Amino acid sequence: MSSYQPIIPNSNWPERFTFSPAVRVGNLVFLSGTTATDDKGKIVGPGDIVAQTRRIFEKFEIILKSVGGDLSNIIETTDYFLSLEDYNKTADLRRELFKGPPWPAATGVVVSGLIRPDALIEIKGIAAL
């Protein structure tokens with residue numbers, strides 16, 4: 001197995017978590033699935049799928065900037081939604097944030113629930129630097 005480097009962009013990362021916000025292997029950065037939480041773990045934009053999606057990508061940008069990248073380095077996302085209606089509401093935001101074409105590869109999955117209460121979406125991603 002290739003060695004990998006955990007990416008923890010700030011000292012607030014709780015030691016109790018059993019995963020890293022991201023890991024780097026070579027020029028690839030694997031962004032862990034995340035929800036729209038603030039620095040205290042509270043959901044940002046309750047009931048607002050667009051606000052939650054924006055917050056997730058803000059968190060991804062913080063991680064990527066810590067290793068010299070930004071959102072333009074994202075090559076793939078997997079989005080977990082609670083409803084197809086919510087999925088449809090995020091397309092304009094993706095256009096704004098990714099400024100494509102080209103666009104990252106993407107998978108959208110409608111799920112019956114997410115671990116964090118009040119989360120409407122969870123996203124994970126891969127970036128190439």
Side-chain angles (χ1 to χ4, degrees):
M1 178 176 153
S2 297
S3 63
Y4 67 90
Q5 168 195 359
I7 301 170
I8 302 172
N10 63 54
S11 60
N12 296 334
W13 189 252
E15 287 186 25
R16 64 183 165 81
F17 286 176
T18 59
F19 64 95
S20 299
V23 296
R24 185 174 189 166
V25 179
N27 72 326
L28 295 178
V29 175
F30 297 85
L31 299 152
S32 289
T34 191
T35 54
T37 54
D38 62 17
D39 291 338
K40 295 179 181 171
K42 185 177 177 182
I43 288 288
V44 172
D48 184 340
I49 187 70
V50 175
Q52 288 191 22
T53 303
R54 184 178 299 280
R55 174 61 183 154
I56 290 168
F57 283 115
E58 287 170 356
K59 291 168 67 174
F60 283 173
E61 185 134 54
I62 291 166
I63 292 167
L64 291 170
K65 282 186 176 184
S66 77
V67 293
D70 60 32
L71 291 181
S72 71
N73 296 104
I74 293 179
I75 59 172
E76 180 182 35
T77 62
T78 303
D79 302 16
Y80 301 92
F81 297 91
L82 295 179
S83 75
L84 186 56
E85 180 182 330
D86 282 345
Y87 167 79
N88 292 328
K89 292 178 182 177
T90 63
D92 287 339
L93 179 60
R94 289 180 65 87
R95 284 184 192 91
E96 172 192 328
L97 295 174
F98 290 117
K99 300 173 178 46
W103 307 102
T107 301
V109 182
V110 176
V111 296
S112 62
L114 297 167
I115 292 174
R116 186 165 307 274
D118 298 322
L120 300 175
I121 186 170
E122 182 167 339
I123 303 173
K124 69 177 188 168
I126 301 173
L129 302 178

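Every value quoted in this text rests on a predicted model; they were computed, and no experiment measured them.
- In plain terms, the two heavy atoms of Ile63 and Pro9 that are nearest each other are CG1-CG, 3.8 Å.
- Side chains of Lys124 and Thr78: a donor-acceptor N/O pair is absent below 3.5 angstrom, by distance only.
- Arg54 contributes atom CZ, which lies 4.5 Å from atom CG of Leu93 (distance to the nearest 0.5 angstrom).
- Remark: Leu31 CG to Ile7 CD1 distance equals 7.5 Å, nearest 0.5 Å.
- A side chain to side chain donor-acceptor pair (under 3.5 Å) with Thr34 is found for exactly one of Arg116, Glu122, Lys59, namely Lys59.
- Looking at Lys89 and Glu85, a side-chain N of the basic residue comes within less than 4.0 Å of a carboxylate O on the acidic one, giving a salt bridge.
- Closest of all the heavy-atom pairs between Asp48 and Ala51 is OD1-N, 3.0 Å.
- In this structure, OG in Ser72 is found 9.0 Å from CG in Leu129, a value given to the nearest 0.5 Å.
- Following chains of ILVMFWY side-chain contacts shorter than 4.5 Å, one cannot reach Ile62 starting from Ile8, and the two form parts of different hydrophobic clusters.
- The line from CG of Leu114 to CZ of Phe81 is 10.5 Å long, rounded to the nearest 0.5 Å.
- Without hydrogens or angle criteria, Ser83 side chain to Asp86 main chain gives a donor-acceptor distance under 3.5 Å.
- Counting only distance, with no hydrogens or angles, the side chain of Glu76 and the backbone of Ala106 share no donor-acceptor pair below 3.5 Å.
- Both Leu82 and Ile49 are part of a single hydrophobic cluster, where members link through side-chain heavy atoms under 4.5 Å apart.
- The side-chain heavy atoms of Arg24 and Val67, taken from C-beta on, include a pair separated by under 4.5 Å.
- The shortest non-hydrogen separation linking Thr35 to Ala119 is CG2-CB, 3.8 Å.
- Residue Phe98 is tested with Phe57, Trp103, Phe60 for a ring pair (Phe, Tyr, Trp, His ring centres under 6.0 Å); the sole match is Phe57.
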Go through the steps for Asp92 and Arg95 under the test side-chain contact (heavy atoms from CB on, under 4.5 Å), then give the verdict.
CA-CA 5 Å; Asp92 287 339; Arg95 284 184 192 91; 2.9 Å; yes

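- One hydrophobic cluster, built from ILVMFWY side chains closer than 4.5 Å, holds both Val50 and Leu120.
- Between the side chain of Asn27 and the main chain of Ala128, no donor-acceptor pair closer than 3.5 Å is present.
- Heavy atoms only, all atoms of each residue included: Gly69 and Asn73 are closest at CA-OD1, 3.2 Å.
- Ionic pairing of Asp79 and Arg94 is present here: one or more N-O contacts between side-chain nitrogen and carboxylate oxygen are shorter than 4.0 angstrom.
- We find the OG1-CD1 distance between Thr90 and Ile56 to be 10.0 Å, quoted to the nearest 0.5 Å.
- Asp118 and Ile43 make their closest contact through O-CG2, 3.9 Å (heavy atoms, listed as atom of the first residue, atom of the second, distance).
- Residues Leu71 and Ile74 form a side-chain contact, since some pair of their non-hydrogen atoms from C-beta on lies under 4.5 Å apart.
- Two rings, from Tyr80 and Tyr87, have their centers 6.0 Å or more apart.
- At a threshold of 4.5 Å between non-hydrogen side-chain atoms, the residues Val44 and Gln52 do not count as touching.
- Nearest heavy-atom pair across Ala22 and Val29 is CB-CG1, 4.0 Å.
- No side-chain donor from either of Arg55 and Thr37 sits under 3.5 Å from a side-chain acceptor of the other.
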